[in-house]
There are 2 protein chains.
Amino acid sequence: MPKQVDYEDRRRRIAGAVCLLIARSGMESVSLRDVATEAGVSMGAVQRCFRTKDEMLLFALEDISQRIGERAKARIETSDAPRSATTLLDRTLSALALVDPEDRAEAQVWGAFVAHAAVSEHLAAVLRETYAKLHDLLVWLLGYGRDTGELSAILDPPAEARALLALTEGLTAQVLVGHQTPESARDVLERYVRGLMA
Amino acid sequence: MPKQVDYEDRRRRIAGAVCLLIARSGMESVSLRDVATEAGVSMGAVQRCFRTKDEMLLFALEDISQRIGERAKARIETSDAPRSATTLLDRTLSALALVDPEDRAEAQVWGAFVAHAAVSEHLAAVLRETYAKLHDLLVWLLGYGRDTGELSAILDPPAEARALLALTEGLTAQVLVGHQTPESARDVLERYVRGLMA
DNA sequence: GACATTCCGATGCGGCCGCATCGGAATGGA
DNA sequence: TCCATTCCGATGCGGCCGCATCGGAATGTC
């Protein structure tokens, strides 16, 4: 058995380079050459990892989707003190909205993929899967809050979760473009959650 | 004075071709050649109308922005019967959310420009202007509803308008990707407006 | 150290890109 | 009709694109 390589790791490093390039100058300026340079490997290595460019982009989306999903879950599970449902909800939504300056790059990449998914069914499928997971997470949080009596008993968790997820997505885009500031976006979320309280 | 041409009209026809191509296969596959073909003119004519490709895209965004803004206003002004503020609000939001199947192409184009604006300050400026106008429209509607007593007197119109605009944007994206159906999106909007009622 | 196998850097190919150029068609006034 | 002016279709240029190819470097086994 000669020369072996950790493809999984290299794939992720290449995905990182893809995201960096998207954040720097948009989806349409992502070329295999630039990705290879940015990742510090040769074009040949990139081609060995991914049969086509589309495959590479798909992997990059799966990678960033997973990262966002896991980060949202982590915000809940790593709460050292027992927190109120509304606090958990607020923290989770803030994480999903990607409005903080340090999340800007990730928000750009996410938006680029969402737009591209409109003309690529493969990408759209990955996004739907991610949205579904986030939806379930929010449904659970809302149900939990209702059970503890913090949130209004009237609310319909699935319907509210759809609204919340759409709201965070919209806020992400609007902060990105500069129509809202990170502060105003957080304020919108805070007000919304307050409106859900019993 | 020899040969004269209605540039404004041609510009708009070219912008239409740009939008059609974006809807068909995404922003990154918009080339001057394809645009010219789609618009039924030669590349030279396109180049005469727009000095660069970026200028052409900018104009296309301005065109579609104007169309969306005017359509939203038209939905209010053309109400033949005196309608309730909540009905007006609901109709306006439905128009802005671009969730109906016949709006799909427009939603795709809008999303593509939003994503591209993340790396193009010129485009972002146009989007901010459009968002500002839509925001003002919603503020007016909310204030009107509050004055007539239909909407809760507690609400803060500017803050609510920010939430509503973000919500419609998010719904547009999620319907586009297929995470929500047009029906569920309209349901989210209807529920939200109902929650604002006094 | 010889070898089998895996890996990949370098290179080439055909094609499309945005943009510049320019000769001639089109047009309206003198 | 003739001309001045506007317009633009055709063409070319340099460059980047995704992808295919292949000779040889790297590496673990015997």
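Below, chains carry the letters A, B, ... as their sequence lines are ordered, and counting in each starts from 1.
In this entry C:dC3 has D:dG28 as its Watson-Crick or G-U wobble partner, both defining distances falling under 3.5 Å. Remark: C:dC22 base-pairs with D:dG9. Criterion, Watson-Crick or G-U wobble with two distances under 3.5 Å.
Taking atom CE of B:Met27 as the reference point, atom C1' of C:dC17 lies 15 Å away to the nearest angstrom. Atoms CZ (A:Arg33) and C1' (C:dC8) sit 16 Å apart, rounded to a whole Å. Summarising the geometry, the separation between CG on A:Asp9 and P on C:dC7 is reported as 15 Å, rounded to the nearest angstrom. B:Arg10 places its CZ atom 4 Å from the P atom of D:dC8, with the value rounded to the nearest Å. Across the protein-nucleic acid pair, A:Leu32 atom CG and C:dC13 atom C1' stand 15 Å apart, rounded to whole Å. In this structure, B:Asp34 atom CG and C:dG18 atom P are separated by 8 Å, rounded to whole Å. The distance from atom CE of A:Met43 to atom C1' of D:dT21 is 12 Å, rounded to the nearest whole Å. At whole-Å resolution of the value, CZ in B:Arg11 and C1' in D:dC7 are 14 Å apart.
The side chain of A:Tyr7 sits closest to C:dC8 out of D:dG12, D:dC8, C:dC8.
Within the 4.0 Å cut-off from OP1 or OP2 of C:dC16, not a single side-chain nitrogen or oxygen of B:Ser31 is found.
Using a 4.0 Å cut-off between charged side-chain N and carboxylate O, B:Asp6 and B:Arg10 make no salt bridge. Between A:Asp9 and A:Arg13 no salt bridge is recorded (no basic side-chain N to carboxylate O distance below 4.0 Å). For A:Asp100 and A:Arg186, the salt-bridge test passes: some basic side-chain N is under 4.0 Å from an acidic carboxylate O. One finds no salt bridge joining B:Lys73 and B:Glu70 here, because no Lys/Arg side-chain nitrogen approaches an Asp/Glu carboxylate oxygen to under 4.0 Å. Ion pairing of A:Arg146 with A:Glu160 is absent here, as no side-chain N (NZ or NE/NH1/NH2) approaches a carboxylate O to less than 4.0 Å.
Contact annotation: the side chain of A:Glu106 approaches that of A:Arg71 to within less than 4.5 Å [non-hydrogen atoms, C-beta and beyond].
Using a 4.0 Å cutoff on non-hydrogen atoms, the parts of residues 45-53 of chain B near DNA chain C are B:Gln47, B:Thr52, B:Lys53, ordered by number.
Position along DNA chain D of the nearest nucleotide to A:Asp54 versus B:Gly44 favours B:Gly44 as the more 5'-ward residue.
Remark: A:Glu129 CD is loosely packed, at most 12 non-hydrogen atoms of other residues, nucleotides or ligands lying under 6.0 Å away.
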